[in-house]
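What follows is a set of notes on a single structure, which appears directly below.
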Amino acid sequence: MPADRSEALPTARRPHRLAGGQPGLLEPGASTDPYRLRLYRILRTDFPLGHDPGLGAWLLSRYDDVVLALTDPRFTGYPHDGAPRGPVPAPLGLCRGSLVCTPLPEGGTAPARAETPDTPADTDADTGPAPAVERAAYVLARRIAGRDRADLVGEFCRWLPAGADAVAAGLSSPDPNAPPRPGGGADDCARQTGLRERALASFLANMLDDPDLLAAVAGGGAGAGMLLRRAWAETLRRDPPVQIVLRRTRTEVRVSGGTLPAGEAVACLIGAAGRDPARFAAPDRFDPLRADADPLFSGPAGCPAALLGRLEAEHGLRALLTAMPRIRWAEGFRPTSSGVLTRGPRTLLVRPS
């Protein structure tokens with residue numbers, strides 16, 4: 001198992017504090033790395049309920065409080081009531097909560113793919129989005145396989161969501177030089193590819209950090225697919241692409257740190273809740289086999305973006321390992337993430353061979 005990328009921080013570095021000592025979520029330094037700044041840890045421990053004037057919202061950072069805000073009918077969407085409330089999960093993970101989105105089942109219809117000798121048969125039915133994602137992943141992986149050095153964010157993660165969309169539209173292959181098609185319509189949520197790019201980059205960073213895990217996936221076998229799915233879910237817990245989900249109280253609500261007033265904006269700090277030690281053992285560790293896994297962070301099961309993101313992670317990694325079985329980090333490179341609203345690595349430098 002790889003070493004933890006924990007919230008540990010030298011004593012000299014501290015987050016900027018607001019009046020009363022509460023750390024500011026949008027203050028200088030916080031957007032670079034709220035984990036290493038101990039921002040989330042300080043909020044969970046010392047300020048489980050506090051108002052952030054920069055964000056204009058009350059902050060919830062503990063797992064139990066965040067779950068309450070995401071699932072309890074006393075909370076609703078922000079800034080209006082459009083987002084789901086009650087037992088229906090709020091927008092989370094890769095889901096943007098679009099009101100025009102419809103579920104995208106894996107067995108739905110899709111254009112038939114053109115078979116090529118070096119493209120393996122799909123493990124799912126040859127319908128739905130999986131074939132388009134698989135084909136796009138293998139085309140992109142082969143384009144960088146012969147390089148001495150490549151950036152997976154700029155040359156793979158950024159283009160796989162758009163490439164899969166292009167293949168599904170009937171194009172012969174993904175074109176990395178073409179911009180993503182504009183959103184709109186029933187698949188509006190699925191067209192928002194930026195979050196899927198960040199999530200895929202975080203997933204690949206976590207997998208490449210663990211050679212034993214990579215070897216287990218590359219070896220195939222009956223458990224490889226399940227291991228990939230657990231690794232994807234663990235990435236969304238440990239390194240969520242969306243760090244903050246906004247909600248609004250419909251009435252006064254009691255939480256662990258006090259009482260939220262009615263009609264107020266509430267910022268659910270997903271990045272803090274996912275690493276709450278009161279809920280998760282060794283919360284900073286990436287562990288796909290953890291016994292305390294939680295499906296909450298994956299988002300609504302029927303969301304098209306959630307399904308496409310998982311397929312891009314699974315087929316993307318398989319394509320990379322097939323095209324470049326010796327892939328590893330470039331010499332001296334270590335992945336780092338940034339962002340406090342949305343978050344992910346900006347660069348993933350690898351040696352393909």
Original post:
Taking 4.0 angstrom as the limit, do Glu314 and Arg310 come out as a salt bridge?
Top reply: yes

**OP:** Take the angle between the ring planes of Phe280 and Tyr63 and call it parallel below 30°, perpendicular above 60°, tilted in between.
**Re:** perpendicular

Donor-acceptor under 3.5 Å ([X] side chain, [Y] main chain):
| X | Y | result |
| --- | --- | --- |
| Arg230 | Pro288 | yes |
| Arg143 | Phe156 | no |
| Arg279 | Asp292 | yes |

**OP:** Go through Trp329 and Asp209 one step at a time and tell me if the side chain to side chain donor-acceptor pair (under 3.5 Å) criterion holds.
**Re:** CA-CA 8 Å; Trp329 293 129; Asp209 261 352; 3.0 Å; yes

State, yes or no, whether a side-chain contact exists between [X] and [Y] at a heavy-atom distance under 4.5 Å.
| X | Y | value |
| --- | --- | --- |
| Asn206 | Asp239 | yes |
| Arg343 | Pro241 | no |
| Val66 | Leu70 | yes |
| Met207 | Trp232 | no |
| Val242 | Ile270 | no |
| Thr193 | Leu160 | no |

**OP:** Using the side chain to side chain donor-acceptor pair (under 3.5 Å) rule, collect all pairs that involve residues 344-353, keeping only residues at least two apart or in two chains.
**Re:** Ser338-Arg346

Original post:
Checking Arg275 against Tyr35: charged group under 6.0 Å from the ring centre and within 45 degrees of the axis?
Top reply: yes

**OP:** Taking the six-membered ring of Phe75 (Phe, Tyr or Trp), confirm whether the NZ or CZ of Arg250 is under 6.0 Å from its centre and within 45° of its axis.
**Re:** no

